[in-house]
Amino acid sequence: MDHHYDPQQTNDYMQPEEDWDRDLLLDPAWEKQQRKTFTAWCNSHLRKAGTQIENIEEDFRDGLKLMLLLEVISGERLAKPERGKMRVHKISNVNKALDFIASKGVKLVSIGAEEIVDGNVKMTLGMIWTIILRFAIQDISVEETSAKEGLLLWCQRKTAPYKNVNIQNFHISWKDGLGFCALIHRHRPELIDYGKLRKDDPLTNLNTAFDVAEKYLDIPKMLDAEDIVGTARPDEKAIMTYVSSFYHAFSGAQKAETAANRICKVLAVNQENEQLMEDYEKLASDLLEWIRRTIPWLENRAPENTMQAMQQKLEDFRDYRRLHKPPKVQEKCQLEINFNTLQTKLRLSNRPAFMPSEGKMVSDINNAWGGLEQAEKGYEEWLLNEIRRLERLDHLAEKFRQKASIHESWTDGKEAMLQQKDYETATLSEIKALLKKHEAFESDLAAHQDRVEQIAAIAQELNELDYYDSPSVNARCQKICDQWDNLGALTQKRREALERTEKLLETIDQLYLEYAKRAAPFNNWMEGAMEDLQDTFIVHTIEEIQGLTTAHEQFKATLPDADKERQAILGIHNEVSKIVQTYHVNMAGTNPYTTITPQEINGKWEHVRQLVPRRDQALMEEHARQQQNERLRKQFGAQANVIGPWIQTKMEEIGRISIEMHGTLEDQLNHLRQYEKSIVNYKPKIDQLEGDHQQIQEALIFDNKHTNYTMEHIRVGWEQLLTTIARTINEVENQILTRDAKGISQEQMNEFRASFNHFDRDHSGTLGPEEFKACLISLGYDIGNDAQKKTGMMDCEDFRACLISMGYNMGEAEFARIMSIVDPNRMGVVTFQAFIDFMSRETADTDTADQVMASFKILAGDKNYITVDELRRELPPDQAEYCIARMAPYNGRDAVPGALDYMSFSTALYGESDL
């Protein structure tokens, strides 16, 4: 039986059939995609019946699995299939399946049972596609569109939020795989991390979507990613079949979600109603419990004894009306509202009406509330009446307490004060002050008599009014009265004790005054005596120690009279002690007129007696020490009187030797060295004198009338002597060095010395300015002043005059140049050594900077510079390195690398430039 397609068919899902043959012939790859997709789609339904197909054109040939597929997807029973193996049986089964498809409004075109039985792939795929269109796609409806357009619109709506997905068809729009992933992520975002997907990786995207769909959505894998990516235009039917599976998977989930929402909504209403019932029960129970607890409190009319307690009751009632009851009124109102609301909701949701527990009906609560308000009536009025009654009693009781407190505060410490025995240790002036203070207290005590009487009267009135705390009031009143009587007795007793003590202290005061008048001067005498006896005397002569001994003997003669005065002073003190013991006076204080005690007087007297023999011994020891010091003075004076003049004599002899010109300079040098040796040999006598001086210092001897020489004078003279002989020897050695270095003859040196000595009239070894002026005058120059100076040096004018006298003729500039040589420190004077150096320079043949430069020029081969190699070749190593380290680089036009400037180095050697 053949089935033919009606050309007038207008169903959209059948329109692609007219291109069926051409599509398969144009792209064989589509056949592969359809075979795989349709097989997977069929198996997704057949597995529900516990079977599946392996080869789509073979497994449907007998019609059995085809009929089973239609039963599964339609949910209907088909005619009973033929079980035979013959071709006729198979054709019969296939026709039954095709008839069922046609019964669903699908008109097949050119698809016959024979082609299916014969395994025609094209016809088989066309039949399956027709089934898919009818049962998987035709029923899709989205916004008045159905089938293919409805499915496409559904895909577009679901993927619209994904900007990198643009679904326009069922072929190339799905090649990158993002469309499949977007559908999954839109409905199940937890299954795919869409943010990590890339449009340029379609294989990963497709595999991800297919794997997730198969694992979590129960959509079998109908295509391979490679088939889609490797095809320029994927098969539209395969893609539609695959996508329809996603639609049905998610639409099924949506139906389940809708069903679950409906159940949740019903349960939520029921739970809300149950919660309202529970809230009503709890609120009713709490409110009834509060009413049950509150009514007994409001019905209690037991009066309180104190105003404070009643006021607290009133305050509690006001708190009840202001704070506690209003919330309960609100709760009662809310309870009624909740009850009515609950009943309405139950009626609207077809539920039975709510019946509260026994005793918790709204009427029960209203009855309990009425009982509460009945108990409130009259409670506040009763409270106010009780407060007014207690106010009168409390006022009277408060008056009693105030007066009693004032009285008790005043009497606090008064008994202890009256019982004090402070007068036993007080002085006379303090006793008189205590009497005045006691008289003032007696006046104050009399003034408080009225208050005590008032307190007793108030207590009596409270007793008559039957005050609740009368026992404590009576006890307090009795205590006050007893204390008042005791204060009166103690006051009289204290007055008698104060007056008796005043008389005794007046007698003692007279004795204290007498004691003080005599003890003070005697104490001063003893302190002066102790000071004198302990005074550390410093004496330097025997006469002084003898004077101290005489004065000490005179002091010892006064001791017997002093001891008599001491006995008289102690007798006065003993009389005071007798009075104290007889009348039991507690003398805590001391004599107000003096701080001197008998113990101090006896102690100091005993100390004086002990110091007298110590003073005797000290004076004897000092007398012996002064005798020893006198011996040391004489011993030192005898030696110093010999050494001092000897040093002075040697100083004068050395001065003469340096001035006189006996023999050659070598003879003078030998003579001076022998003289130096004799001086050094005198050193033991100086050391001996130092030893004597050390003994004098250790004995603390500061003056010596036996000599005018001190050790310091001797030391200075000795040091000057050694320095002078050493300096004189050095000057002669320098003269010899100058003579030999400059080529000066002995006659020239003697001439210089004679000229200098001639004007050295004070024989000091130097020429003073005045002495030099006299020299110029003798040469015919008019200086204008013949006064002489004796400084041992020439100033600039003296030196200039001396040069002129020796034949030099010069102007100011030339003289300034010479002065810069002989006085480089600008001291304004000229020493003999400077004079000799200058004269030797003027008369001797000396090297100059020009001569040194000429010598370097010879070594340099007549060049203006010299090299390092030339210096090391011509000069000794140490001198060559000296020049290399100090010569500046030569910067002339003819300079070569490493050239050194020997010209600036030569001028620097003679101070004409910086080295």
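Model, not experiment: these values are computed from the prediction.
- The two residues Arg188 and Leu217 make their nearest non-hydrogen contact at NH1-CD2, 4.0 Å.
- Between Lys90 and Asn93 the shortest side-chain heavy-atom distance does not fall below 4.5 Å.
- Annotation: ring-ring contact (aromatic ring centres under 6.0 Å, His included) contacts of Trp154 (sequence neighbours excluded): His187, Tyr247.
- Only one option out of Lys36, Gln33, Gln34, Lys32 pairs with Asp235 in a side-chain hydrogen bond (donor to acceptor under 3.5 Å, both in side chains); it is Gln34.
- A heavy-atom distance below 4.5 Å is not found between the side chains of Asn207 and Thr204.
- Between Lys345 and Arg351, every side-chain heavy-atom pair lies at or beyond the 4.5 Å cut-off.
- With respect to the salt-bridge test (charged N to carboxylate O, under 4.0 angstrom), the residues Glu336 and Lys332 qualify.
- With rounding to the nearest 0.5 angstrom, the CG atom of Asp62 is 10.5 Å from the CD atom of Glu58.
- Within the 3.5 Å criterion, the main-chain N or O of Leu78 finds a donor-acceptor partner in the side chain of Glu71.
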TODO: Begin from the C-alpha positions of Lys175 and Val229 and carry the test side chain to side chain contact (heavy atoms under 4.5 Å, CB included) through to its verdict.
DONE: CA-CA 6 Å; Lys175 283 190 68 176; Val229 175; 5.6 Å; no
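- Counting only distance, with no hydrogens or angles, the side chain of Asp176 and the backbone of Lys199 share no donor-acceptor pair below 3.5 Å.
- At distances below 3.5 Å, at least one donor-acceptor pair connects side-chain atoms of Asp59 with backbone N or O atoms of Asn55.
- Panel note: side chain Asn205, backbone Cys181; no donor-acceptor pair is recorded below 3.5 Å.
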Open item on the list: Test side chain to side chain donor-acceptor pair (under 3.5 Å) on Asn366 and Ser363; report intermediate values, then the result.
Closed with: CA-CA 5 Å; Asn366 287 333; Ser363 58; over 6 Å; no
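- The ring pair (Phe, Tyr, Trp, His ring centres under 6.0 Å) pairs that include a residue from residues 206-231 are Phe180-Phe210, Phe210-Tyr242, where partners are two or more places apart or lie in different chains.
- Arg61 places a side-chain N or O within donor-acceptor distance of the main-chain N or O of Val117, the cut-off being under 3.5 Å.
- Distance check, rounded to the nearest 0.5 Å: CG of Leu372 to CD1 of Ile291 gives 6.0 Å.
- When each of Thr37, Thr39, Asn120, Ile56 is paired with Leu125, the side-chain contact (heavy atoms from CB on, under 4.5 Å) condition holds for Ile56 and for no other.
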TODO: Evaluate the criterion side chain to side chain contact (heavy atoms under 4.5 Å, CB included) for residue pair Leu64 and Arg83; output intermediate values, then yes/no.
DONE: CA-CA 8 Å; Leu64 294 176; Arg83 295 296 179 181; 3.8 Å; yes
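- With a 6.0 Å radius and a threshold of 12 heavy atoms from other residues, nucleotides or ligands, Gln168 has its CD atom above the threshold.
- A donor-acceptor pair under 3.5 Å links the side-chain atoms of Ser74 to the main chain of Glu76, judged by distance alone.
- The shortest distance between side-chain heavy atoms of Trp297 and Arg293 does not fall below 4.5 Å.
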- [ ] Start with the C-alpha gap between Phe100 and Met67, add the side-chain angles, then the distance that decides, and say whether side chain to side chain contact (heavy atoms under 4.5 Å, CB included) holds.
- [x] CA-CA 9 Å; Phe100 180 79; Met67 293 179 68; over 6 Å; no
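- Two residues are said to be in side-chain contact when any heavy atoms from C-beta on lie closer than 4.5 Å; Ile167 and Trp174 meet this criterion.
- Heavy-atom neighbours of Arg77 CZ from other residues, nucleotides or ligands within 6.0 Å: at or below the threshold of 12.
- In this structure, Arg301 contributes its side chain and Leu298 its backbone to a donor-acceptor pair below 3.5 Å.
- Under the ring-ring contact (aromatic ring centres under 6.0 Å, His included) criterion, Tyr194 pairs with Tyr162, His185, sequence neighbours left out.
- The nearest pair of heavy atoms linking Thr159 to Gly179 is CG2-O, 4.1 Å.
- The salt bridge (charged side-chain N to carboxylate O under 4.0 Å, His left out) analysis of residues 39-54, with sequence neighbours excluded, yields the pairs Arg47-Asp218.
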TODO: Show your reasoning for whether salt bridge (Lys or Arg N to Asp or Glu O under 4.0 Å) applies to Arg322 and Asp319.
DONE: CA-CA 5 Å; Arg322 184 176 62 252; Asp319 287 344; 2.6 Å; yes
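- To the nearest 0.5 Å, atoms CG (Asp201) and CG (Leu206) are separated by 9.5 Å.
- Using a 4.5 Å heavy-atom cutoff, the side chains of Leu98 and Asn95 are in contact.
- The shortest distance between side-chain heavy atoms of Val329 and Cys333 does not fall below 4.5 Å.
- In this structure, Lys282 does not pair ionically with Glu278, as no charged nitrogen and carboxylate oxygen lie closer than 4.0 Å.
- A distance-only check finds a donor-acceptor pair linking the side chain of Ser244 to the backbone of Thr241 [under 3.5 Å].
- The environment of CD in Gln308 is sparse: at most 12 heavy-atom neighbours from other residues, nucleotides or ligands sit within 6.0 Å.
- Taking CD from Glu331 and CG from Asp286, the interatomic distance works out to 7.5 Å, rounded to the nearest 0.5 Å.
- Nearest heavy-atom pair, Leu66 versus Phe60, reported as atom, atom and distance to 0.1 Å: N-CD2, 3.5 Å.
- In this structure, CD in Glu214 is found 10.0 Å from CE in Met222, a value given to the nearest 0.5 Å.
- Taken to the nearest 0.5 Å, the CG atom of Leu287 stands 12.5 Å off from the CZ atom of Arg292.
- Annotation: salt bridge (charged side-chain N to carboxylate O under 4.0 Å, His left out) contacts involving residues 357-372, sequence neighbours excluded, comprise Glu281-Lys360.
- Here the side chains of Met361 and Met355 are in contact, with some heavy-atom distance below 4.5 Å.
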Task: Stepwise side chain to side chain contact (heavy atoms under 4.5 Å, CB included) test for Ile131 and Ile73 - done: CA-CA 9 Å; Ile131 294 173; Ile73 61 178; 3.4 Å; yes
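- At distances below 3.5 Å, at least one donor-acceptor pair connects side-chain atoms of Lys96 with backbone N or O atoms of Lys80.
- The existence of a salt bridge linking Glu115 and Lys122 is excluded, since no basic side-chain nitrogen approaches an acidic carboxylate oxygen closer than 4.0 Å.
- The shortest non-hydrogen separation linking Gly126 to Ile111 is C-CD1, 3.9 Å.
- Closest approach of Ile184 to Phe250, counting heavy atoms only: CA-CZ, 3.9 Å.
- Not counting sequence neighbours, Trp369 has no partner by the ring-ring contact (aromatic ring centres under 6.0 Å, His included) test.
- In this structure, the side chain of Asn338 does not engage the main chain of Leu276 through any donor-acceptor pair within 3.5 Å.
- For the residue pair His171 and Pro234, the shortest heavy atom distance occurs at CB-O, 3.3 Å.
- Within a 6.0 Å sphere centred on NE2 of His395, other residues, nucleotides and ligands contribute 12 heavy atoms or fewer.
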